[in-house]
Protein chains: 4
Amino acid sequence: MSSFGKLFRVHTYGESHCKSVGCIVDGVPPGLKLTEEDIQVQLSRRRPGQSDITTARSEFDTVHLQSGCEHGVTLGTPISLLVLNKDQRPHDYAETDSYPRPSHADYTYLAKYGVKASSGGGRASARETIGRVAAGAIAEKYLLECYGIEIVAFVQRVGKVGIPFAEDDNEVLGKEYMELVKSVKRDQVDKEITRCPHKETSMKMEEAIRASKAANDSLGGLITCVIRNCPPGLGEPAFDKLEAMLAHAMLSIPSTKSFEIGSGLRGTMFHGSEHNDPWIEGVDSKGEKVLRTSTNWSGGVQGGISNGEDIYFRRSTARYDGSAGVLAAKGRHDPCVVPRAVPIVETMSALVIMDMLLQQNARQAAAALLPPLTHLPLTMVLPGKGVVNDAAGEKVQDNKVGDE
Amino acid sequence: MSSFGKLFRVHTYGESHCKSVGCIVDGVPPGLKLTEEDIQVQLSRRRPGQSDITTARSEFDTVHLQSGCEHGVTLGTPISLLVLNKDQRPHDYAETDSYPRPSHADYTYLAKYGVKASSGGGRASARETIGRVAAGAIAEKYLLECYGIEIVAFVQRVGKVGIPFAEDDNEVLGKEYMELVKSVKRDQVDKEITRCPHKETSMKMEEAIRASKAANDSLGGLITCVIRNCPPGLGEPAFDKLEAMLAHAMLSIPSTKSFEIGSGLRGTMFHGSEHNDPWIEGVDSKGEKVLRTSTNWSGGVQGGISNGEDIYFRRSTARYDGSAGVLAAKGRHDPCVVPRAVPIVETMSALVIMDMLLQQNARQAAAALLPPLTHLPLTMVLPGKGVVNDAAGEKVQDNKVGDE
Amino acid sequence: MSSFGKLFRVHTYGESHCKSVGCIVDGVPPGLKLTEEDIQVQLSRRRPGQSDITTARSEFDTVHLQSGCEHGVTLGTPISLLVLNKDQRPHDYAETDSYPRPSHADYTYLAKYGVKASSGGGRASARETIGRVAAGAIAEKYLLECYGIEIVAFVQRVGKVGIPFAEDDNEVLGKEYMELVKSVKRDQVDKEITRCPHKETSMKMEEAIRASKAANDSLGGLITCVIRNCPPGLGEPAFDKLEAMLAHAMLSIPSTKSFEIGSGLRGTMFHGSEHNDPWIEGVDSKGEKVLRTSTNWSGGVQGGISNGEDIYFRRSTARYDGSAGVLAAKGRHDPCVVPRAVPIVETMSALVIMDMLLQQNARQAAAALLPPLTHLPLTMVLPGKGVVNDAAGEKVQDNKVGDE
Amino acid sequence: MSSFGKLFRVHTYGESHCKSVGCIVDGVPPGLKLTEEDIQVQLSRRRPGQSDITTARSEFDTVHLQSGCEHGVTLGTPISLLVLNKDQRPHDYAETDSYPRPSHADYTYLAKYGVKASSGGGRASARETIGRVAAGAIAEKYLLECYGIEIVAFVQRVGKVGIPFAEDDNEVLGKEYMELVKSVKRDQVDKEITRCPHKETSMKMEEAIRASKAANDSLGGLITCVIRNCPPGLGEPAFDKLEAMLAHAMLSIPSTKSFEIGSGLRGTMFHGSEHNDPWIEGVDSKGEKVLRTSTNWSGGVQGGISNGEDIYFRRSTARYDGSAGVLAAKGRHDPCVVPRAVPIVETMSALVIMDMLLQQNARQAAAALLPPLTHLPLTMVLPGKGVVNDAAGEKVQDNKVGDE
């Protein structure tokens, strides 16, 4: 259904040609400073017409906050948000296509519901994501303010043009790519109209997109997203592992074709011995002593639970308006939707992390009232607790952990 | 949490060394013939010790049906199933590792819960999947009996050894691979101990696994799964698209690294024009006239909803016992877990399809009581309805649909 | 949270002084004819200012349909509805009470959220129910059109003035009351400004309310609701029994103090032998032969599942704006909220029945594809199946069933 | 379905004559000391055969812990619990009744599922509650240890014999009853075989039950439950108000006929002015200064949220094995099930409070990281914060709050 999340819960609504599109966000922590401007920023990064390589439509999607805030502060009650549609009249069916577009949702919506919106992609259209982006902007604000969590997505590949990914066959993932994962910032990404922060690659991408546009064709691509400063302990085994929730979130974005966590598909070509993340003693974002890993092929998740390292993943798209198909001659379609998908990937990541955080809050706050356990000899440097067992602490220091 | 599904709902429990592992399955249709044997079949395909290239442990996992069935027929009430653990004593912590294994869940479980099972992978271990496989066997039985739905998974690649995937760079996916997707049967898969039905590749895989085993190392790989005869209309936009639910299900399997639907990651390298699924008039599994597509790069899903074509996807694994790491010296680990993951992939697919089917049932049965709509001029050949609008039917027949 | 239902799912939002209040309704069957007028009818029955015995405020709550409908037909996608608030400025805290009103939600909201809406009852106010009533109107329309289900609520008691309930101590419930339960229609209820269809009692109620109003005081009361023509089989054991869902729904209405199903609290004073509903052979609303009961103390529900008889229950209210307290001197409060609660009780009933119907649809449609069971010797007249086992049918006819 | 709760989540299974009945409990806080004995205590209070006025069957329900605990400590993972059934063979249908028992679930189960358990009440039987009581015992242990929350239920009325409830018509609820609500302990309750702690009334109840038993008849009754030391802030507006969740929980117990919170049905006969809970300054269970109310007609809940006062409610039952009917001649039924229902009422209360606590934990822990709000002039004595605004504190002290 049109709901996502368990405790931070988003419900979206709206088709292309109804009065408005929007969402209700339930479970927002009370007392958060929030204005329409906070939300508008991400909506504007999502909207069409930002450059000549995305669609030429000039929508301006202004958000209207309906509820859940007073005096610029969230009340903890549901926040309703809406964006008016420009063209609010449902079309006459006669005006529009009377046969299903290939690789679009026309046929499947009719098969499912026995009726469909007269035009556009209905709920399969890109406009459905407006409600998500608005909701995600709230989550992002909270995560940044309270945890310093940064979520940055960037375009890694368009068609066959991509940022160098691995130098040779014997390397899991290359330095250039991993360096970006580690350091890239949102303004760096937005500097390029392709949203690919690797200047040289970006220029080649523009070329490819313009060529494709000239041929009235379209191109898909690949986006990488990284989540930094996420505390360890997020993700709910067995079925709601952190990577499972991220995969669910990413594949729910229109026209997504794949999801990979950490070293991903490529990583599974390597032996365990080449693909191991040895433990080392390190510090977390607050400078506190914790266990870290010297490599991060796991992508920040082990056993379905975050380990405090950067969470990074890739998500590919064919097109995101409900189609993997050819460009409609008369439609107002993007020659390449990948750049505009960047804030949507970020928003869905924020929704997942926020929800998992609230779930872990519930547990941790409950466990914190119980007397401490004294029978655990495990030697681990846990966040907020230092080395759990000093006696065996040397094992961590001399890195014997990497030997196993 | 440890629940999956909305209407066909599975709850699993159990660690490696507690009394039993198992599940409760809620929402099973009443009146289905069901015995323990129906479930045992898939559990036996999942268990370790089936060949020398998986683990040498000789577990025999016998299922015990607790409730929800009488006289060999389901009552519609919750079905509880359990499998006893061989070694039911939690270990003394002193006996076991006192530091976290690399790329395992030891550290993250402790970070999340502040306590962990004394040994083994706890809930991150492979034994957690026993409850899933048992539940999935019930779903599979129903789907096959009532819809003829076949779910077949097979090993596509181990390490760097794989079934030929695409002949050249200009081809989305190759004929040999697509032929297997179309036709492969479960007995064909089980004939090979690698569960790779491509004989030649299978032999090379065995070689690679044995070499890896000799080096005390481990290998991951890639599994393809196909779901045939699935009716159109399954999948719940916007957030519970069919591919999103499949991705969620697949990434919830321990140590999964990636998910791809249809042409997947590779497909996003191609132009829309090369990657289009043109509509043609065809027949469904019952011989009824419906719209079909001449290619199937979408993987049977458009706009998040099944279109009646084969649903196929790929899911890669590093290891599935909660680790992407090196082989533990003294542990009883598989040199390659990929073959044993095959029934788990099938089971999770069955759980998704079954749940989506029940959700669509609820809607369709409700809509069926409403008077038919007469204002829809759309020309589509809908299942059970033939061509919706005869007047424009020619558009479908002369394949103009492919022109758009 | 602000969501209700599983398959027919309502999400509400809005405080007293934000821009709008409203809801998203997910799971509406596609193809239902629906206009804003269908919804407005119930909203107008709910709004304040309908008579001098409710509040004097003259709100006119006009509904605005945002999505999910085209050309007057539901699309099966989420329907968003909103009603603008007249006074959309959050008050300055200085203007308003700086201490908690007794028996209101001021203190508890602050205890829960650490912040509260500046004025009015926030989410605890009566305006929160606008979204519910709008959503329920859609459910009611479907239920009436497709099943002939009628839902009628009426005021049974105000303060100590009530419709004669039982003639003497030896009677479970009296004839006069049960006659109303069986036959009362909505227009009969609306004829009286008290919404008590028992003319004589209604006049006494008006008197009591006017006296209370003159004394600047307020009165609570009791509402009976009946649901007719509900098919047997609705309700989900063990936790989501039909009466449990109705109780949940009723107690979620602001200021509800009690819920009783069937003979209710009074029924538990009687012996089993006096309080038994013997089976008789009868006909259902379509004239089909089914099992009926000669009395209906169960209130149409047995073992948590509807049995085809009238479902009736009572729900009492102190006040429904979040308070059980005295009338605020300067507030715009109702001297008696009971009449206005009538459409809210109906709406919540409709939401429960609609959701339970969709859940049962999913099961029944799934079970219908399985081969029939032949080993059941039970002699029952099941809806749509007649007497299940003719051989023992005489047992039903000579009413021996009542002997057990 | 057979699940209850959102974060503390119980799934039950089992019929009367299958192998076992039991449950999975998900969301138990990790690190809680827990043994089978902790659970057995409540199961033994629930089991039949405790006295001659309940059933004569001598079941001994021994609980078997399957998972989720090690070394006597919870792991935070799902806890599975089971109790073997004595008679594990489903009966032959020929042996049993071939027509539906009046006021039982025989007919409705068949109408719902098209099949039913061969004998006993299936899921509608009292044995279904075993899984609940086992789960609730875990919740109770946590609530008592970490919050000092006491949950005590007692029998208030059997048939027409009850504890004096109110002395005269002008009193909401009487002193004798309210004194019990305030002070009664579990051992006091268990001292009487009726579980009515009012000695004199208890003796009359025994008499009534024995007379009823001699007449081969059965009696229902009324149970009061009180929850003490519950922190303010629990309950989730709008739909999951605390009283709505309690009502849902109570009506899910087999054969429940009514639920009332606080002054309940009786309270709605009084004017607002007589039925108001004025605020006074007081202390909470830890001796901290907070707002209290001088009366507690609200029953500890305002606007759907707990206010820190005792939460008390009443729940009536006809019979709790799925019937409101006469005693079956040959069945093994209780002449009065009310005493045995006491621990079930307690357990369902514990499940609700535990779940609401975890939900509030999630919110509070999230809000605690935000900077404090400084613009709130509201004068309230909040738990853990003292008087929020000193300037207006006098308003609270001179009790002007009661004037409004």
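Each chain gets a letter, A, B and so on, in the order its sequence line appears, and its residues count up from 1. All values reported here derive from a predicted model rather than from experimental measurement.
If you take OG1 on C/T256 and NZ on D/K241, they are separated by 7.5 Å, rounding to the nearest 0.5 Å. Rounded to the nearest 0.5 angstrom, D/H248 NE2 and C/S252 OG are separated by 12.0 Å. Between the OH atom of D/Y109 and the CD1 atom of C/I305 there is a distance of 5.0 Å, given to the nearest 0.5 Å. Rounding to the nearest 0.5 angstrom, the gap separating the OG1 atom in D/T293 from the OH atom in C/Y107 is 10.0 Å. With values rounded to the nearest 0.5 angstrom, C/H104 atom NE2 is found 10.5 Å from D/S298 atom OG.
With a threshold of 4.5 angstrom between heavy atoms, C/L234 approaches chain D through N, CA, C or O but not through any side-chain atom. Residue D/M250: no heavy atom, backbone or side chain, is found under 4.5 Å from chain C. If you measure heavy-atom distances from C/L222 to chain D, the contacts under 4.5 Å come from the side chain alone.
Of all heavy-atom pairs spanning C/A238 and D/S2, the tightest one is N-OG, 3.8 Å. Scanning all heavy atoms of the two residues, the minimum distance from D/M1 to C/E236 falls at N-CB, 3.6 Å. Residues C/S316 and D/T268 approach most closely at OG-CG2, 3.3 Å, considering heavy atoms. Contact detail for C/V10 and D/F239: the closest heavy-atom pair is O-CE1, 4.2 Å. The minimum heavy-atom distance between C/H271 and D/S212, with the atom names listed, is CD2-OG, 3.5 Å. Shown here for D/A105 and C/G303, the closest heavy-atom pair between the two residues is CB-CA, 3.7 Å.
Ranked by non-hydrogen atom pairs under 4.5 Å with chain C, the options D/A244, D/G304, D/G308, D/P231 are led by D/A244. Heavy-atom pairs under 4.5 Å with chain C were tallied for D/R132, D/R123, D/Q359, D/E128; the largest tally goes to D/R132. Among C/A367, C/A215, C/P237, C/A247, the residue making the largest number of heavy-atom pairs under 4.5 Å with chain D is C/P237. No other option in C/G162, C/G233, C/A208 has as many heavy-atom pairs under 4.5 Å with chain D as C/G233. Taking D/M245, D/Q364, D/M269 one by one and counting their heavy-atom pairs under 4.5 Å with chain C, the maximum is reached by D/M269. Listed options D/V301, D/L265, D/D240 were ranked by heavy-atom pairs under 4.5 angstrom with chain C; first place goes to D/L265.
Residues satisfying the salt bridge (Lys or Arg N to Asp or Glu O under 4.0 Å) test with D/R266, not counting sequence neighbours, are none. Residues satisfying the side-chain hydrogen bond (donor to acceptor under 3.5 Å, both in side chains) criterion with C/E260, sequence neighbours excluded, are C/R314.
Judged purely by atom type and a 3.5 angstrom limit, D/N307 has no side-chain atom pairing as donor or acceptor with the backbone of C/T108. Side chain of D/D217 to backbone of C/S273: a donor-acceptor contact under 3.5 angstrom is found. In this structure a side-chain-to-backbone donor-acceptor pair under 3.5 Å is missing from C/K160 to D/F270.
Because its NZ or CZ atom is not both nearer than 6.0 Å to the ring centre of D/F313 and within 45° of the ring axis, C/K257 does not count as a cation-pi partner of that residue.
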For the pair C/Q360 and D/K112, evaluate side chain to side chain contact (heavy atoms under 4.5 Å, CB included) and give the outcome as yes or no after the intermediate values. CA-CA 8 Å; C/Q360 176 65 354; D/K112 182 169 197 68; 3.1 Å; yes
